[in-house]
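In what follows, a structure is listed as structure tokens, so that the remarks can point back to it.
Below, all heavy atoms of this structure are taken into account, side chains as well, without hydrogens, waters or symmetry copies.
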Amino acid sequence: MEKLERNIQSLRDERDFYKRAYEELLQRLSTGEFNLKTQAVHNALPVTDKTETNVIVELKALTVKRLLILTAFFLYGAKIDELSKVFDVSENSIRVNLFRAREALGMNNGAQRVLEVTEGLKQYDNEEFQQKTGVPKDWWEHRDEYRDRIKQIPDRLR
């Protein structure tokens with residue numbers, strides 16, 4: 001039994017080590033301290049800049065609805081009540097989606113991350129954005145035109 005407990009503790013220690021190493025790597029990537037273009041890495045790794053590695057990849061992983069909400073909120077200063085009317089949901093639903101998107105991107109931890117994500121949204125390729133969401137990146141400026149299309153996004157994607 002004691003041997004089993006030692007093995008379990010050893011596995012926990014190893015898990016914690018890799019978790020800390022992963023978090024440190026993410027931190028270094030986000031600050032620019034570690035850039036895949038300048039580091040000697042395995043040849044099979046794709047070479048991208050730190051913004052593409054972190055922010056844009058994370059933005060691409062968001063649901064369509066959360067990406068649209070973040071874009072309108074951070075790039076165009078949309079208000080929660082305006083967003084709730086466009087998406088035809090409650091203001092609380094918009095707040096929850098905004099919170100979950102910010103949480104997924106690590107934006108609830110500081111202003112620097114908010115600036116990084118806002119910059120990532122600006123750099124997000126408009127064609128890729130439109131392909132994923134069905135509307136252009138500047139959709140908020142033409143929200144009346146895209147209102148019906150946004151309401152047609154299935155709930156699992158919104």
Side-chain angles (χ1 to χ4, degrees), residues 15-16 18-39 41 44-158:
R15 177 200 62 198
D16 293 343
Y18 284 112
K19 184 178 178 182
R20 283 192 309 275
Y22 175 73
E23 289 169 353
E24 183 178 335
L25 178 60
L26 287 178
Q27 177 65 30
R28 287 182 176 186
L29 283 168
S30 69
T31 61
E33 181 181 336
F34 180 84
N35 188 323
L36 291 177
K37 285 185 175 177
T38 60
Q39 298 295 319
V41 295
L45 282 177
V47 178
T48 58
D49 64 17
K50 74 178 179 93
T51 305
E52 175 69 22
T53 302
N54 284 338
V55 178
I56 295 178
V57 170
E58 292 172 11
L59 287 169
K60 290 177 182 178
L62 290 177
T63 64
V64 171
K65 183 176 187 178
R66 290 180 181 163
L67 183 58
L68 290 171
I69 290 171
L70 270 182
T71 304
F73 193 79
F74 284 104
L75 294 185
Y76 299 99
K79 294 185 171 103
I80 290 176
D81 62 329
E82 296 171 327
L83 285 165
S84 70
K85 290 174 186 169
V86 171
F87 283 94
D88 197 25
V89 295
S90 71
E91 290 182 19
N92 196 42
S93 178
I94 295 294
R95 283 187 189 94
V96 167
N97 275 287
L98 189 57
F99 176 80
R100 295 286 182 231
R102 291 178 59 177
E103 185 177 54
L105 295 168
M107 294 174 67
N108 295 333
N109 299 332
Q112 178 63 34
R113 187 63 178 163
V114 171
L115 292 174
E116 289 174 4
V117 171
T118 304
E119 189 60 34
L121 284 167
K122 289 177 185 175
Q123 293 177 9
Y124 199 117
D125 184 58
N126 193 37
E127 287 182 28
E128 285 184 63
F129 187 93
Q130 188 160 359
Q131 186 177 12
K132 177 175 179 157
T133 63
V135 296
K137 197 163 57 169
D138 65 348
W139 73 273
W140 184 253
E141 293 178 340
H142 312 284
R143 57 188 167 274
D144 293 332
E145 182 181 333
Y146 297 110
R147 182 170 293 181
D148 292 334
R149 190 176 300 171
I150 288 170
K151 289 180 183 177
Q152 292 173 0
I153 298 171
D155 284 339
R156 68 180 185 282
L157 297 176
R158 289 202 301 161

Show me, pair by pair, the donor-acceptor contacts under 3.5 angstrom made by side chains of residues 77-84, not counting sequence neighbours?
| from | atom 1 | to | atom 2 | distance (Å) |
| --- | --- | --- | --- | --- |
| Glu82 | OE1 | Lys79 | N | 3.0 |
| Ser84 | OG | Asp81 | O | 2.8 |

Distance-only donor-acceptor hits, side chain of residues 136-144, under 3.5 Å, sequence neighbours excluded:
| from | atom 1 | to | atom 2 | distance (Å) |
| --- | --- | --- | --- | --- |
| Lys137 | NZ | Leu121 | O | 3.2 |
| Lys137 | NZ | Lys122 | O | 2.8 |
| Lys137 | NZ | Tyr124 | O | 2.7 |
| Arg143 | NH1 | Trp140 | O | 2.7 |
| Asp144 | OD1 | Arg147 | NH2 | 3.3 |

TODO: Determine the sole option in Val64, Thr71, Thr63 for which the side-chain contact (heavy atoms from CB on, under 4.5 Å) test with Leu67 is passed.
DONE: Thr71
Task: Interatomic distance, Gln123 atom CD to Leu59 atom CG [nearest 0.5 angstrom] - done: 10.0 Å
Open item on the list: In the structure I gave you, are the side-chain heavy atoms of Leu70 and Leu105 within less than 4.5 Å of one another anywhere?
Closed with: yes
Task: Gly134 versus Arg149, closest heavy-atom pair with distance - done: O-NH1, 2.7 Å
Task: Pairs meeting criterion side chain to side chain donor-acceptor pair (under 3.5 Å) with involvement of residues 125-135, two or more places apart - done: Lys60-Glu128
TODO: First locate atom CD1 of Ile94, then atom CZ of Arg66, and finally report the distance between them rounded to the nearest 0.5 Å.
DONE: 11.0 Å
TODO: Taking side-chain hydrogen bond (donor to acceptor under 3.5 Å, both in side chains) as the test, write out the residues that go with Arg100, two or more places apart.
DONE: Glu103
Open item on the list: Whether the side chain of Ser93 engages the backbone of Val89 through a donor-acceptor N/O pair (distance < 3.5 Å, no angle test) should be reported.
Closed with: no
Open item on the list: Using side chain to side chain contact (heavy atoms under 4.5 Å, CB included), reason through Phe129 and Leu68 one step at a time and then give a plain yes or no.
Closed with: CA-CA 9 Å; Phe129 187 93; Leu68 290 171; 3.9 Å; yes
Open item on the list: Do Val117 and Phe74 have side chains that approach each other closer than 4.5 Å (heavy atoms only, starting at C-beta)?
Closed with: no
